[in-house]
Amino acid sequence: MVDQVPESQSDMSSGEVLSGRPGTVVLSPWLEVLYMNRQAQLLISDLVPTTPEAQQPNHRTDVLPPALISLADEMLRVLRSRHEMSEKGQFEIRHSANWSGKPVSILGVGVPNGHGVEHARIVLVLTEASANHSENHQNHGSVL
């Protein structure tokens, strides 16, 4: 089930990405979308096939673009490895993508759970980035 953070009608009706506001996606270990806010939907809309239903503010999006699936898969591998080595605590992976000429910074946060990987969460925070910032970012795709 995809929940959405309420946003003002003017923000949602414009259909535009509001610069500086992050898009947030929360995934289960099975890459099921548990939560996605409107900003995330707008940021990834260029990568997902657009249907009339997909343009509605409350549309559920269960399909993620390949760039996010790849990052989430990598995060799952790290979560499993850390769990097997009894490492505790969150970790981050930073990544950038250039979607239809729009540079996007992605911060992936692996949130483990002491009860096993099946209870962990993957949080993806997407923000629009300037071209200069994404080119100069040093931690693309690295585990921090």
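Please read all numbers here as calculations on a predicted model, not as lab measurements.
- Between the side chain of Arg82 and the backbone N or O of Lys88, at least one donor-acceptor pair lies under 3.5 Å.
- In this structure, Pro112 and His119 have side chains that are not in contact, with every pair of non-hydrogen atoms separated by 4.5 Å or more.
- Taking both residues in full, the closest heavy atoms of Leu64 and Ile69 are given as O-CD1, 3.2 Å, listed atom of the first, atom of the second, then distance.
- Looking only at side-chain heavy atoms (C-beta outward), Leu31 and Asp73 come within less than 4.5 Å of each other.
- Scanning both residues, Gly23 and Asn37, for their nearest heavy atoms gives CA-OD1, 3.3 Å.
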- Run the numbers on Met75 and Val78 for side chain to side chain contact (heavy atoms under 4.5 Å, CB included), then give the verdict. CA-CA 5 Å; Met75 296 189 74; Val78 173; 5.7 Å; no

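- Note: Leu43 CG to Leu124 CG = 12.0 Å, rounded to the nearest 0.5 Å.
- For the atom pair CD of Glu92 and CD1 of Ile106, the computed distance is 14.0 Å after rounding to the nearest 0.5 Å.
- At least one side-chain heavy atom of Ile44 sits under 4.5 Å from a side-chain heavy atom of Met36.
- Take Ser70 and apply the side chain to side chain contact (heavy atoms under 4.5 Å, CB included) test, not counting sequence neighbours, and it matches no residue.
- For the side chain to side chain contact (heavy atoms under 4.5 Å, CB included) test, residues two or more places apart in sequence or in another chain that qualify with Val125 are Pro22, Leu107, Val123.
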- Is there a side chain to side chain contact (heavy atoms under 4.5 Å, CB included) between Ile122 and Leu79 once you walk through the steps? CA-CA 9 Å; Ile122 296 170; Leu79 277 167; 4.1 Å; yes

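- Applying the salt bridge (Lys or Arg N to Asp or Glu O under 4.0 Å) rule to Arg80 yields no partners; only residues at least two apart in sequence or on another chain are considered.
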- Going through the checks in order, is the side chain to side chain contact (heavy atoms under 4.5 Å, CB included) test met by Leu68 and Leu27? CA-CA 11 Å; Leu68 293 183; Leu27 303 171; over 6 Å; no

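- Between atom CD of residue Gln41 and atom CZ of residue Arg38 there is a gap of 5.5 Å, rounded to the nearest 0.5 Å.
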